[in-house]
Amino acid sequence: QVLLVESGGGLVQAGDSLRLACVVSRGTFSTYGLAWFRQAPGKAREFVAAISQSGGATSARDIVKGRFTISRDNAKDTVYLQMNSLKPEDTAVYYCAADRYGSNSPNTRAYEYWGQGTQVTVSS
């Protein structure tokens, strides 16, 4: 079973930055498309950003473009989410997810493997 473990969340102030990391183990990391999703209390899980197997293609939802950057290091089996200029509305649990087919999809159903999540709280 593929295992995904996120880290890097925390409590920050508006305008601050955080970098989330997700280590993927028990699988062939370089073959997976990877993504970050987030879920705020009382809301559905939503797509944040995705990256292709090689890292050559990325996508992100409009409200984070220019602030969040997804990247991956295939030598370290790790995917990152660099978050700058954080806003209170970015507060959520952030999840990384892996897709065996590299679809770069914004749909949660495309991802077979999920981490346990890391809490990001942005105070105003």
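When all heavy atoms of Asn104 and Ser52 are compared, the pair lying nearest together is OD1-N, 3.3 Å. Nearest heavy atoms, Ala92 versus Ala40: CB-N, 3.8 Å. Shown here for Cys96 and Leu4, the closest heavy-atom pair between the two residues is SG-CD2, 3.5 Å. For the residue pair Pro88 and Thr91, the shortest heavy atom distance occurs at O-OG1, 2.9 Å. Looking at every heavy atom in both residues, Thr108 comes nearest to Trp114 through O-CZ2, 3.5 Å. Shown here for Ala49 and Leu81, the closest heavy-atom pair between the two residues is CB-CD1, 4.4 Å.
Judged by the 6.0 Å distance and 45° axis criteria, Arg100 is not positioned over the aromatic ring of Tyr111. With Tyr95 as the aromatic partner, Arg45 meets the cation-pi criteria of under 6.0 angstrom to the ring centre and within 45 degrees of the ring axis.
A donor and an acceptor atom, one from each side chain of Thr121 and Gln119, are located under 3.5 Å apart. Looking only at atom types and distance, the side chain of Arg38 has a donor-acceptor partner in the side chain of Tyr94 under 3.5 Å away. At a cut-off of 3.5 Å, with distance as the only test, no side-chain donor of Asp73 or Thr78 sits close to an acceptor on the other residue.
Cluster membership check: Leu20 shares its hydrophobic cluster with Ile63, using side-chain heavy-atom separations under 4.5 Å among Ile, Leu, Val, Met, Phe, Trp and Tyr. Each of Phe37 and Val122 belongs to its own hydrophobic cluster when Ile, Leu, Val, Met, Phe, Trp and Tyr are linked at side-chain heavy-atom distances under 4.5 angstrom. Leu86 and Phe47 are not part of a single hydrophobic cluster, where members link through side-chain heavy atoms under 4.5 Å apart.
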Check the pair Tyr32 / Asp99 against side-chain contact (heavy atoms from CB on, under 4.5 Å), numbers first and verdict last. CA-CA 5 Å; Tyr32 297 128; Asp99 162 26; over 6 Å; no

**Request:** Evaluate the side-chain contact (heavy atoms from CB on, under 4.5 Å) criterion for residues Thr69 and Tyr80: first the C-alpha distance (whole Å), next the side-chain angles of each, then the deciding distance (0.1 Å), finally the verdict.
**Result:** CA-CA 8 Å; Thr69 302; Tyr80 303 97; over 6 Å; no

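Side-chain atoms of Met83 and Ser17, non-hydrogen and from C-beta on, never get closer than 4.5 Å to each other. For the pair Leu3/Val24, no side-chain contact is recorded, criterion being any heavy-atom separation below 4.5 Å from C-beta on. Looking only at side-chain heavy atoms (C-beta outward), Phe29 and Val23 stay at 4.5 Å or farther from each other.
A salt bridge links Asp90 and Arg67; the closest N-O separation between the charged side-chain nitrogens and carboxylate oxygens is under 4.0 Å.
At distances below 3.5 Å, not a single donor-acceptor pair connects side-chain atoms of Thr28 with backbone N or O atoms of Ser30. With hydrogens and angles disregarded, a donor-acceptor distance shorter than 3.5 Å links the side chain of Ser123 to the backbone of Val12. Side chain of Glu6 to backbone of Ala21: no donor-acceptor contact under 3.5 angstrom is found.
The ring of Trp36 has its center no closer than 6.0 angstrom to the ring center of Phe68.
Annotation: the span from Lys87 atom NZ to Ser124 atom OG amounts to 13.5 Å, rounded to 0.5 Å. With rounding to the nearest 0.5 Å, the separation of NZ in Lys65 from OG1 in Thr58 is 9.0 Å.
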